Every structure is written in structure tokens, then in C-alpha cells.
Amino acid sequence: KSDSKIINEDQDIKVYTSESILSAFSFFNAIFIPSTLKMDSIESQLTIRHEKLHIELKHSYEKMILEIFKVAFWWHPIVHMFKTELINIHEYEVDDKITTQNDKKNYSKFLVGCAPSQNFQLVNTISSNIKKRIIMLYREKKSISTISKITSLSLITLLSLGLHSCQEDQNNLNAQS
């Protein structure tokens with residue numbers, strides 16, 4: 001017997017609620033939220049907006065492609081590390097988009113409220129992730145000009161080192177002749 005039900009259909013996105021769902025998530029064009037979340041609350045609106053952004057940014061497709069890579073390269077540890085980083089990047093991206101429309105302080109409080117209670121847990125991976133997400137929200141974004149300056153300087157340095165080493169090889173060849 002399934003206890004889930006559709007509570008909203010908007011722009012081809014279906015929102016399901018169920019007692020068996022512990023935390024909200026999205027998969028392609030469906031959002032799944034716990035039935036304990038009151039639908040008229042600010043928390044539910046932020047949760048649904050957060051998951052809609054995951055859908056709009058097509059994060060499920062990226063995760064599916066990564067899962068195919070995991071099947072092909074199951075033995076390679078970098079693929080598993082990449083999954084963790086991809087999930088973090090997806091969350092940072094959604095957090096950034098939400099805070100363009102909402103107050104960072106209120107959204108940070110929302111994230112802390114989403115953290116599971118820390119009663120008798122051996123590891124704190126989820127709360128650690130939330131801490132990183134809040135730090136990223138308040139981190140100053142680097143402008144493109146700064147990034148391009150650093151990249152250009154690095155390329156010029158590498159190019160000059162390469163040219164210098166080629167010039168020394170040419171000098172060595174001329175000396176041997």
C-alpha cells in the first residue's frame with residue numbers, strides 16, 4: 001500500500017508527499033517531501049522552491065550520467081569522490097540562486113532547521129555539509145576579471161618557461177655543432 005499522494009502539479013512538476021519520506025528530494029520532474037512538513041509554512045515553500053531549482057537546472061540528468069560512469073569505473077575512487085563534489089556543487093548552485101530572491105540570513109536559518117537532530121550520531125556529515133553551504137553563501141564571489149587575470153598570468157608564466165627551455169635546447173644544439 002502506497003501512502004504517497006500528489007499535492008500539487010505545476011509546470012509539469014508533480015509534488016508528492018508521503019509519511020515514508022524523511023527529507024525532501026527531487027528526481028527529474030517530481031518533488032518528494034515528507035508529510036510532516038506543513039504545506040502552508042515558509043519552510044515548505046522554500047523546500048519546494050529549492051527542489052524546483054534542482055529540476056530547472058537539470059541536476060537529475062547530471063547525476064544519472066555520473067551513475068553510468070560509476071558503473072563503468074566502479075573500481076576508480078575518483079568517480080566516487082566526484083559524486084560527493086557534484087552533490088555539493090549542485091547544492092551551492094541552488095543556494096546561490098535562492099539567495100538572489102531571499103534573505104541570506106533567513107535562508108541560513110532554514111538550512112540549519114533542515115539539519116537532522118544530532119542525538120547519538122557517530123558522524124556529522126550532513127551538518128558539516130550545511131556548515132559548508134552557509135559559508136559558501138556568505139563568501140565573497142570573485143569577479144571574472146580577477147579569475148581571468150590569474151589565468152592569464154599563469155598561462156604567460158607557463159608559456160615563458162616553455163619558450164625559455166626551448167631556447168636553451170637550441171643553444172645546446174648550436175654549441176654541439
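Here the structure is a predicted model, which is why all the values come from computation and not from measurement.
The hydrophobic cluster containing Met136 does not contain Leu86, counting ILVMFWY residues as joined when their side-chain heavy atoms lie under 4.5 angstrom apart, directly or transitively. Note on Tyr138: it clusters hydrophobically with Ile98, by side-chain heavy-atom contacts below 4.5 Å among ILVMFWY residues. Linking ILVMFWY residues whenever their side-chain heavy atoms come closer than 4.5 Å, directly or via other members, leaves Ile87 and Ile89 in distinct clusters. Hydrophobic clustering (side-chain heavy atoms under 4.5 Å, transitive across Ile, Leu, Val, Met, Phe, Trp, Tyr) groups Trp74 together with Ile65. The hydrophobic clustering, which links ILVMFWY residues whose side-chain heavy atoms are closer than 4.5 Å, places Trp75 and Phe69 together.
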Problem - Arg49 and Glu56: CA distance, side-chain angles, deciding distance, salt bridge (charged side-chain N to carboxylate O under 4.0 Å, His left out) verdict - result: CA-CA 10 Å; Arg49 181 67 191 135; Glu56 290 170 14; 3.4 Å; yes
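Between the side chain of His59 and the backbone N or O of Val94, no donor-acceptor pair lies under 3.5 Å.
Across all non-hydrogen atoms, the minimal contact from Asn29 to Ile55 is OD1-CG2, 3.4 Å. Thr17 and Ser35 get closest at one heavy-atom pair: OG1-CA, 3.0 Å. Taking every heavy atom of both residues into account, Ser60 and Ser26 meet most closely at OG-O, 4.1 Å.
Counting heavy-atom neighbours within 6.0 Å of Leu155 CG, excluding the residue itself, gives a total above 12. Atom CZ of Phe82 has 12 or fewer neighbouring heavy atoms from other residues, nucleotides or ligands inside a 6.0 Å radius. In this structure, Lys104 places its NZ atom where more than 12 heavy-atom neighbours from other residues, nucleotides or ligands lie under 6.0 Å away.
Here the OH-CG distance, from Tyr92 to Asn88, works out to 4.5 Å after rounding to the nearest 0.5 Å. From Ile134, atom CD1 reaches atom NZ of Lys132 across 13.0 Å, with rounding to the nearest 0.5 Å. Atom CD of Gln45 sits about 10.0 Å away from atom CG of Asn102, to the nearest 0.5 Å. Rounding to the nearest 0.5 Å places CG of Leu137 at 8.0 Å from CG of Asp96. Rounding to the nearest 0.5 angstrom, the gap separating the CD1 atom in Ile33 from the OG atom in Ser23 is 11.5 Å. How far CD1 of Ile78 is from CZ of Phe73: 11.5 Å, rounded to the nearest 0.5 Å.
Residues Ile31 and Lys14 fail the side-chain proximity criterion, which asks for heavy atoms closer than 4.5 Å. A 4.5 Å side-chain heavy-atom check between Asp95 and Leu111 finds at least one atom pair inside the cut-off. Using a 4.5 Å heavy-atom threshold, the side chains of Arg133 and Tyr107 count as touching. Side chains of Glu91 and His50 form a contact here, defined as non-hydrogen atoms less than 4.5 Å apart. By the 4.5 Å heavy-atom criterion applied to side chains, Glu19 and Thr36 are not counted as neighbours. Looking at heavy atoms from C-beta onward, His76 lies out of side-chain contact with Lys70 at the 4.5 angstrom threshold. Contact annotation: the side chain of His90 never approaches that of Leu57 to less than 4.5 Å [non-hydrogen atoms, C-beta and beyond]. For the pair Val15 and Ile48, the minimum side-chain heavy-atom distance is below 4.5 Å.
Between Phe28 and Tyr61, the two ring planes are perpendicular [angle over 60°; tilted spans 30° to 60°].
Under a 4.0 Å N-O distance rule, the pair Lys83/Glu62 does not qualify as a salt bridge.
For the side-chain contact (heavy atoms from CB on, under 4.5 Å) criterion with Phe27, the lone passing option out of Met64, Lys63, His54, Glu51 is Met64.
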